[in-house]
Amino acid sequence: MPPTAANPTVSVSVLASLRLPPFSLDDAGIAWVQQQLLRLSPEQKLRQLFNLAMHGDNVADARRMAASQPGGVTRFAAHDPDLAWAATRALLEDCELPPLISGDIEGGAIGIPCGTALPNQLGLAAADSLGLSEAAVGVLAQEARALGYNWTFTPVADLNVAFRSAIVATRSYGSDLGAVLAQARVNVQTFQQHGVAATAKHFPGEGFDDRDQHLVTTLNPLDPAAWMDSFGAIYRGLFDAGVMTVMAGHIALPAYARAQGARGLEACRPASVSAPLLQTLLRGELGFNGLIVSDATAMGGLTSWASRAEFVPEVIQNGCDMFLFPHTFESDFAHALAGLRDGRLSEARVEDAVTRVLGLKAALHLHTLSLDERLPPLPQTRATLRSAEHLAIAREAASASVTLVKDTRQTLPVTLRKHRRVVIVSDPTRGGFAHQAPLPLLLPGLLAERGFEVRDFDPTDPPTAENCDLLLYLLAQESLLLQSHIYMDWQRLHGDFRQSMARFWHTVPCVLVSMGHPYYLYDAPRLPCVINAYSAIEPVQQAVLRKLTGEEAFTAISPVDASCGLPDAMD
């Protein structure tokens with residue numbers, strides 16, 4: 001059906017592109033999209049471009065959010081599956097058009113709290129088995145569908161280049177381009193086989209800047225040719241794999257922008273509001289035909305660039321099809337309307353964007369699925385979450401992920417005969433993700449259950465050969481937002497200015513277990529025994545216990561250079 005006189009802005013070219021991958025709509029899907037384009041008012045179309053954030057599982061909050069009739073809602077569910085189910089059900093019931101229900105379903109500390117705990121991306125990369133990755137991601141996908149999710153903001157397609165990066169480290173698949181692409185393809189294909197759209201992020205690629213785009217606009221320093229050989233190869237590979245969406249980060253690519261004519265500060269414009277990066281590079285040179293979503297618009301990488309009144313229309317006008325997380329829907333929707341009325345946001349760009357939003361919904365069959373097909377009945381959801389099969393996969397993946405980086409003094413295995421008295425040093429500032437509580441530190445209790453005498457480090461009674469058989473550093477800092485930098489803060493760990501300069505491994509056996517950041521050897525290259533476990537989820541902590549005590553062998557391969565290139569770190 002061609003555009004009508006009453007709706008002259010229906011984009012024929014974008015509508016036709018929905019027949020192509022990654023949407024691949026048939027005649028019925030195209031007809032549904034076109035019907036909505038002809039039916040929706042300009043204001044209703046604009047609403048479809050907003051993806052709201054819902055923290056927690058309050059049904060009343062869900063219904064208030066649905067009253068805005070947004071295109072999508074990102075769910076940060078809590079620990080009670082019944083409450084999570086009820087809140088999502090309310091969203092689905094009250095939205096006139098089926099909403100996209102999205103989440104950061106990455107694994108580790110960034111996942112669905114009421115679901116099966118699985119290793120994060122770096123942990124799966126360490127396991128070095130695409131088959132095991134497929135099984136683990138399959139669990140994430142099945143449980144996401146059981147809770148009504150149809151869109152995941154994964155995979156993270158960034159590269160571990162700057163080892164000091166607190167935001168990339170455990171969220172990526174490592175530093176090897178080929179391994180990152182192979183693992184990311186498995187993530188895309190597995191999620192989408194289960195009816196959950198995948199998202200390649202964070203375009204144009206994070207990993208060189210050790211800062212966090214939640215706090216500042218970060219910079220990708222590669223020239224156009226080098227970028228095309230690295231991140232360009234990853235994104236092209238994921239497009240070939242059928243990834244349906246890309247997330248535009250608050251990351252600049254200055255060399256490319258300058259090659260497109262940008263001068264001065266404009267070369268450092270974040271991708272989320274950059275037409276050269278989104279329209280010329282991503283759409284044009286790379287040929288991406290799917291949906292582009294911005295990263296969260298509350299992040300400092302965007303808010304430090306411009307005011308909300310300025311950047312809200314720019315996010316859409318410059319190439320994003322969906323606007324992630326308004327400050328409040330009312331205020332940012334007003335900014336978008338103002339941009340539409342004064343010409344900063346064109347009707348044609350809104351039309352193209354909403355066509356792709358509707359196309360994604362049709363590609364996921366949301367318009368034909370019943371309510372119970374989009375969100376299974378609660379008994380079915382309960383049966384899917386944390387099933388025996390899923391827990392078994394979690395245990396296998398956790399065991400395969402734990403990596404022995406070094407053991408130069410053959411300290412392992414830890415035994416009651418040699419190491420009965422254990423002193424624990426832990427980091428008291430472990431953070432959670434998106435207002436969630438930090439994962440509990442279980443290993444001290446697990447060791448005590450095995451008969452070890454466990455006590456916390458006391459700076460007034462430091463460990464000696466007479467009072468301690470093992471000094472165990474247990475750190476659990478995964479890559480989570482707003483941490484800026486992760487490092488061994490010796491004064492905080494040892495609790496005393498003088499003790500912060502003490503190193504005890506010359507007098508007592510010392511082991512460091514990092515259930516998070518993999519680069520502590522930079523701060524302590526002479527630590528004799530280091531284990532990287534990448535996450536503090538319960539299956540990983542259980543696996544660490546088995547590895548420490550010699551019940552299981554270490555089989556994982558480090559997906560990063562844990563020595564940070566230091567010549568004294570591995571001997």
Side-chain angles (χ1 to χ4, degrees), residues 32-33 35-78 80-105 112 114 143-153 195-197 291 293 296-297 321-334 336-337 350 353-354 356-382 434-435:
W32 180 82
V33 171
Q35 179 185 22
Q36 306 315 310
L37 291 172
L38 297 172
R39 180 182 68 83
L40 296 173
S41 69
E43 181 176 309
Q44 289 172 317
K45 291 176 181 178
L46 198 57
R47 288 173 181 271
Q48 285 295 300
L49 308 188
F50 281 83
N51 188 311
L52 312 186
M54 181 179 172
H55 295 274
D57 300 316
N58 184 286
V59 169
D61 289 345
R63 296 199 183 279
R64 282 192 292 271
M65 195 164 287
S68 299
Q69 296 299 310
V73 175
T74 296
R75 292 280 288 112
F76 296 95
D80 187 324
D82 290 20
L83 296 179
W85 183 94
T88 299
R89 184 82 175 194
L91 284 170
L92 299 185
E93 289 173 346
D94 287 12
C95 285
E96 178 187 354
L97 282 174
L100 294 162
I101 303 295
S102 52
D104 287 290
I105 310 172
I112 302 173
C114 57
E143 296 194 352
R145 288 284 290 114
L147 284 165
Y149 290 87
N150 47 52
W151 189 11
T152 176
F153 296 146
V196 181
L291 181 143
V293 59
T297 59
D321 302 307
M322 186 162 262
F323 184 97
L324 192 62
F325 305 166
H327 178 64
T328 67
F329 175 77
E330 293 76 15
S331 62
D332 281 356
F333 186 71
L337 274 177
V350 171
V354 74
R356 286 193 171 92
V357 171
L358 294 169
L360 180 60
K361 295 183 179 189
L364 295 170
H365 308 290
L366 303 186
H367 63 306
T368 60
L369 296 176
S370 68
L371 189 57
D372 281 348
E373 288 172 322
R374 285 185 281 150
L375 175 64
L378 183 55
Q380 185 176 334
T381 296
R382 288 174 178 157
H435 309 298

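Atom set for the values below is all heavy atoms of this structure, side chains included, hydrogens, waters and symmetry mates excluded.
Taking the side chain as every heavy atom from C-beta outward, L37 and L358 approach each other to under 4.5 Å. You'll find the side chain of D57 stays beyond 4.5 Å of the side chain of D80, heavy atoms only. Side-chain atoms of F50 and P326, non-hydrogen and from C-beta on, do get closer than 4.5 Å to each other. Contact annotation: the side chain of N150 never approaches that of K361 to less than 4.5 Å [non-hydrogen atoms, C-beta and beyond]. The side-chain heavy atoms of L366 and L100, taken from C-beta on, include a pair separated by under 4.5 Å. At a threshold of 4.5 Å between non-hydrogen side-chain atoms, the residues C95 and V73 do not count as touching. With contacts defined as side-chain heavy-atom distances shorter than 4.5 Å, the pair P99/R374 qualifies. Side-chain contact check for E143 versus Y149: every heavy-atom pair is 4.5 Å or farther apart.
Put simply, OG1 on T381 and CG on D82 are 9.0 Å apart, with the number rounded to the nearest 0.5 Å. The distance from the CZ atom of F323 to the CZ atom of F329 is 10.5 Å, given to the nearest 0.5 Å. Between atom CG of residue L52 and atom CZ of residue F325 there is a gap of 9.0 Å, rounded to the nearest 0.5 Å. Between atom CD1 of residue I112 and atom CD1 of residue I105 there is a gap of 4.5 Å, rounded to the nearest 0.5 Å. With rounding to the nearest 0.5 angstrom, the CG atom of L337 is 11.5 Å from the CG atom of D332. Residue L46 holds its CG atom at 14.0 Å from CD of Q69, rounded to the nearest 0.5 Å.
The two residues L324 and A296 make their nearest non-hydrogen contact at CD2-N, 3.5 Å. M54 approaches M65 most closely through the heavy-atom pair CB-SD, 3.7 Å. Annotation for A197 and L364: closest pair N-CD2, 3.9 Å, computed over non-hydrogen atoms. Of all non-hydrogen atoms in V357 and D321, the two that sit nearest each other are CG2-O, 3.6 Å. Taking both residues in full, the closest heavy atoms of N58 and D61 are given as OD1-N, 2.9 Å, listed atom of the first, atom of the second, then distance. Pairing each heavy atom of A62 with each of A87, the nearest pair is CB-O, 3.4 Å.
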Run the numbers on R63 and E93 for side-chain contact (heavy atoms from CB on, under 4.5 Å), then give the verdict.
-> CA-CA 9 Å; R63 296 199 183 279; E93 289 173 346; 3.1 Å; yes
Give the C-alpha distance, both sets of side-chain angles, the deciding distance and a yes or no for side-chain contact (heavy atoms from CB on, under 4.5 Å) between M322 and L360.
-> CA-CA 11 Å; M322 186 162 262; L360 180 60; over 6 Å; no
How far apart are the C-alpha atoms of L97 and L40, what are their side-chain angles, what is the distance that settles it, and do they pass the side-chain contact (heavy atoms from CB on, under 4.5 Å) test?
-> CA-CA 10 Å; L97 282 174; L40 296 173; 4.0 Å; yes
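Partners of H367 by ring pair (Phe, Tyr, Trp, His ring centres under 6.0 Å), not counting sequence neighbours, listed by chain and number: W32. For F153, the ring pair (Phe, Tyr, Trp, His ring centres under 6.0 Å) partners at least two apart in sequence or on another chain are W151.
Distance alone, capped at 3.5 Å, places no donor-acceptor pair between the R89 side chain and the L378 backbone.
No side-chain donor-acceptor contact under 3.5 Å links R47 and Q44.
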